[in-house]
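Read through the structure below, which is laid out as structure tokens, and then see the notes.
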Amino acid sequence: MVAALGNDVPFYAFDYPSASEEQVNNHIEWLLDDLSRKTALHVGVVNMLELAVDQLKKRDLYSKALTMERSKGVAALLSALKGPLEPGKMAAALLDKFDAKPIDMLFLTGVGPAYPLIRTHSLLNNLQPLLGSVPLVLFFPGRFSGQSLQLFGDMQETPYYRAFRLVD
């Protein structure tokens with residue numbers, strides 16, 4: 001189901017069981033192809049895990065992060081990556097991808113695999129002032145209750161009140 005993430009911003013959540021990730025990704029590809037053939041909309045698509053890896057590689061931190069995880073563990077790695085993957089920086093990096101050609105709509109994917117490096121509610125809060133009236137569709141492996149995002153259906157996230165649920 002897709003739900004709107006608030007009356008003040010055009011953010012929508014398409015929540016689905018995490019077991020359906022491959023099916024949803026295939027449908028996104030079909031949808032993008034169909035939209036490109038039938039409309040003049042320029043839809044931007046960002047996979048958050050890929051964006052996080054790209055950002056770490058740009059700063060020459062990716063191989064260092066892998067080494068740190070092996071030597072010091074996941075907790076130390078997550079602590080070390082809080083700065084480089086801070087939500088405001090990730091939101092800015094996301095929008096930088098579309099500097100050359102403005103987008104009419106944004107599809108946000110890969111938030112499940114990016115967890116816990118990127119927290120969805122924090123990213124959305126940072127994107128809201130940057131996107132303005134550009135609609136965003138969050139493809140979310142979990143549940144959106146209308147008030148909170150629950151990644152994978154059972155992890156409680158911080159409440160996010162600005163989304164709308166898209167109903168079938």
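This one's a predicted model, so the numbers in the text were calculated from it and none came from an experiment.
The side chain to side chain contact (heavy atoms under 4.5 Å, CB included) test applied to L77 returns A65, M68, E69, L81, not counting sequence neighbours. With sequence neighbours left out, the side-chain hydrogen bond (donor to acceptor under 3.5 Å, both in side chains) criterion links K82 to no other residue. Legend: residues meeting side-chain hydrogen bond (donor to acceptor under 3.5 Å, both in side chains) with D33, ordered by chain and number and at least two apart, are R37. Among residues two or more places apart in sequence or in another chain, the side-chain hydrogen bond (donor to acceptor under 3.5 Å, both in side chains) test is passed with Q23 by none. Remark: T67 pairs with R70 by the side chain to side chain contact (heavy atoms under 4.5 Å, CB included) rule, at least two apart or across chains.
Side-chain contact between V134 and P10: absent, with no pair of heavy atoms (C-beta onward) separated by less than 4.5 Å. The shortest side-chain heavy-atom distance between Y16 and F139 falls under the 4.5 Å cut-off. In this structure, the side chains of L124 and F11 come closer than 4.5 Å at one or more pairs of heavy atoms.
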Mind listing the side-chain donor-acceptor pairs of residues 89-111 below 3.5 Å, one per line with the distance, residues two or more places apart or on another chain?
| residue | atom | partner | partner atom | Å |
| --- | --- | --- | --- | --- |
| K89 | NZ | G83 | O | 3.0 |
| D104 | OD2 | H42 | N | 2.7 |
| T109 | OG1 | V46 | O | 3.4 |

Donor-acceptor contacts under 3.5 Å from residues 48-64 side chains, at least two apart:
none

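To the nearest 0.5 angstrom, L127 atom CG is 11.0 Å from S122 atom OG. The distance from the CG atom of N126 to the CZ atom of R119 is 14.0 Å, given to the nearest 0.5 Å.
Listed by first then second residue, pairs satisfying salt bridge (charged side-chain N to carboxylate O under 4.0 Å, His left out) with a partner in residues 38-49 read D34-K38, not counting sequence neighbours.
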Side chain to side chain contact (heavy atoms under 4.5 Å, CB included) assessment of T120 paired with F140: CA-CA 9 Å; T120 306; F140 190 76; 3.9 Å; yes

